[in-house]
Amino acid sequence: MRKAQKTQIEETFSLMGKVHEEIRKQMAEGNRENVMQLLNDCQEGAIQAGNLIEQTEGEGAPAISKIEEYCETCYCIYEETEQGKDQSPSGVYRLLQKALAAMDSSVRLTIPVRLEIAFFCYKASMSDCLESIYFAAKEDPTCDAYFIPIPYYDKYPNGAFGEMHYEAEGCYPDTYELVDWEKYNVEVRRPDIIYIMNPYDNMNLVTSVHPDFYAERLRTFTDCLVYVPYLIHMEVPDKGTGTTPGVLYSDLTFVQSENVRNYYMDSLINENDIDGITLRVAKEKIIALGSPKIDKILRTDKTDYILPEKWQRIVDSMSAEQRIVLYNPSIYGVLNAREDNGMSYLRKLRSALDFFRKRHDIVLWLRPHPLLLQTFHSMRAKIADEYEEIIRSYQEEGWGIYDDTADMDRAVAWADTCYGDSSSVELLFEFLGKPVLLQNVSNAGAEPEAAGSIERVRQAMDIFVGKDLYNSYVMIEAKDETEEDQFSMADFFSHLDVILEYSECQKAKFRKLYANPDGTAGKKIHEYTVSLLRRARRE
């Protein structure tokens, strides 16, 4: 039973207690008709409460028998009043109050308040940031969890909305029970808790969720609005992390580590021109309990997936020496190539594909960010067609895998290593002990073709590891071999076995940074939120 429903019943019982006092008064004055009408009113109130309990708790709920006893008490008093029998007003009052107290006690003690929790997600490929929380809520017998995919729009350069997209049935695993966004009226249902994963409202230049699901609006329809980042942060987040609507309007924001929490709090306090955001407020709002994205990747194994037939043929043809490389072009990489409006980025994309095409020890798995094409059209419109042509040619040639699906975790599970732009994907690879090489856009077409010696790579790895960097397994593509702790593409992929020797120690270093790196972050986020809300309500 929802809190509002239980409160409604308790308020009905409180009103009935006042009616009992009026019955005693009217009976003392000999107003039989008034007494009978008031008894009818009490009985009707009890029946309505019973109907609501049956709808939410079932016909066998213990409180139903107490309601029936109350109604029987009212009926007996009504009959004796109608027949004109002598009754003590005080005695009748005590009988009614005793039956009412039994009813009220049974409702309070035997009917738990069920929390309604709504999860609003606009991109299926990013749903892993909510998934383990959602599953924890589904398994909680005191909660009703609803996962609602919501629509989003492309945005034109002038900020106007373009095409609407809606990812729902067919985009999510069967383990999700999806609810149609047009059938879930958040204003009417007023869920106890709302989780969101898009913090931007109208601030994003590329896309926007439907305005009905802006954080500023949703906060008015729930007791607890919760924002969970859709990405894994670098341990030094952008200083604007605490200025997005998702953080400002949420009651709780959950982040991956205490270090990231500190950056969020600093941003929330110092980067906003809003009164009342004190350190105490920031500490209560920003909580470090880990990331559900980590939960997902820890649970995921490549054997969990059935690959599309075309991909499976490529994988089946692999030799024992071949490795799968995930090539990960990101939005950050495109937008960071400002000087020539992104032309250098396309040159690098062509150059990298040409490099991998020639490698017989590599199977390429190309998976651009799901919003990369929209980003080109919105922010780099002059070269969007050329980007599409590069991707089209790659697909037609058929020598590698092209992945435009929503399931990023499948790609992370299958790949042995990752190449591409800086993004949260690289952090998932580090967590699994898989090395990452960040591409250097500035050397497009001029990458060294020959690999250095195995001794040189081992020495470079020892230097890199000795620096004890936060990104414990993320290396940067060098222009040449003068950078002692960097690697050319040829170095990295020709001597990948050497680099993989450092997997366990680098993975252990990286995991120490995170809260709950054991796959329990989502469960603990759910428990924390529910406990906090129940304490606030004193349930």
Side-chain angles (χ1 to χ4, degrees), residues 1-116 141-144 188-193 221-224 530-539:
M1 178 177 288
R2 296 285 307 283
K3 173 67 174 177
Q5 293 169 322
K6 192 169 183 180
T7 298
Q8 178 185 335
I9 292 173
E10 290 169 352
E11 288 175 350
T12 297
F13 289 171
S14 176
L15 179 61
M16 287 163 63
K18 295 177 181 178
V19 175
H20 292 173
E21 294 177 2
E22 185 63 23
I23 289 173
R24 177 171 59 181
K25 177 182 175 183
Q26 294 295 323
M27 187 171 285
E29 295 175 358
N31 299 322
R32 288 197 305 159
E33 295 295 328
N34 290 349
V35 170
M36 289 189 292
Q37 181 59 53
L38 292 170
L39 287 166
N40 268 333
D41 293 342
C42 286
Q43 195 167 27
E44 182 59 31
I47 290 171
Q48 289 178 3
N51 289 339
L52 182 55
I53 292 170
E54 286 186 348
Q55 290 170 14
T56 60
E57 309 301 309
E59 295 181 1
I64 296 298
S65 63
K66 299 301 179 183
I67 289 175
E68 290 172 346
E69 289 173 10
Y70 176 86
C71 289
E72 180 64 25
T73 299
C74 287
Y75 177 74
C76 292
I77 296 170
Y78 181 97
E79 278 204 323
E80 292 191 2
T81 302
E82 186 179 40
Q83 294 169 9
K85 292 184 178 179
D86 187 29
Q87 300 180 84
S88 165
S90 297
V92 166
Y93 176 76
R94 285 194 296 271
L95 283 174
L96 290 171
Q97 285 292 94
K98 181 179 179 181
L100 175 62
M103 237 184 355
D104 184 63
S105 177
S106 184
V107 167
R108 290 179 185 277
L109 297 177
T110 68
I111 299 180
V113 170
R114 297 181 62 82
L115 298 180
E116 181 162 320
T142 70
C143 297
D144 297 311
V188 173
R189 300 188 70 108
R190 304 186 75 88
D192 301 280
I193 301 169
F221 302 123
T222 182
D223 287 345
C224 190
V530 167
S531 175
L532 188 69
L533 183 60
R534 291 196 188 279
R535 285 201 308 272
R537 293 175 170 180
R538 296 185 178 179
E539 292 176 4

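For the numbers below, each heavy atom of this structure counts, side chains included, while hydrogens, waters and symmetry mates do not. Predicted, not measured: the structure shown is a model, and the values here were computed from it.
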### Task
Enumerate the residue pairs fulfilling side chain to side chain donor-acceptor pair (under 3.5 Å) with a member in residues 59-70, sequence neighbours excluded, ordered by first and then second residue.
H20-Y70

### Residues Q55, Q5; criterion side-chain contact (heavy atoms from CB on, under 4.5 Å); working and verdict
CA-CA 11 Å; Q55 290 170 14; Q5 293 169 322; 6.0 Å; no

### Query
Under the side chain to side chain donor-acceptor pair (under 3.5 Å) test, which residues partner T81, sequence neighbours left out?
Q87

### Query
Judged by modelled atom types alone, do R535 and S531 share a side-chain donor-acceptor pair under 3.5 Å?
yes

### E22 CD to K18 NZ distance, which is reported to the nearest 0.5 Å
12.5 Å

### Set of residues satisfying side chain to side chain donor-acceptor pair (under 3.5 Å) with respect to N40, sequence neighbours excluded
none

### Task
Please lay out, stage by stage, how Q26 and L38 fare under the test side-chain contact (heavy atoms from CB on, under 4.5 Å).
CA-CA 9 Å; Q26 294 295 323; L38 292 170; 4.1 Å; yes

### Message
How close do L96 and C74 get, counting heavy atoms only, and between which atoms?
### Response
CD2-SG, 3.9 Å

### Query
Going by the salt bridge (charged side-chain N to carboxylate O under 4.0 Å, His left out) test, which pairs reach into residues 105-114, not counting sequence neighbours?
E10-R108, D104-R108, R114-D144

### Message
Among residues at least two apart in sequence or on other chains, which ones pass salt bridge (Lys or Arg N to Asp or Glu O under 4.0 Å) with E116?
### Response
R2, R189

### Query
Which heavy atom in C71 sits nearest to a heavy atom in A46, and how many Å separate them?
SG-CB, 3.8 Å

### Task
Please assess I9 against M1 for the test side-chain contact (heavy atoms from CB on, under 4.5 Å), listing each intermediate value before the final yes or no.
CA-CA 11 Å; I9 292 173; M1 178 177 288; 3.6 Å; yes

### Task
Please list, chain by chain and in numerical order, all residues satisfying side chain to side chain donor-acceptor pair (under 3.5 Å) with Q83, sequence neighbours excluded.
K85

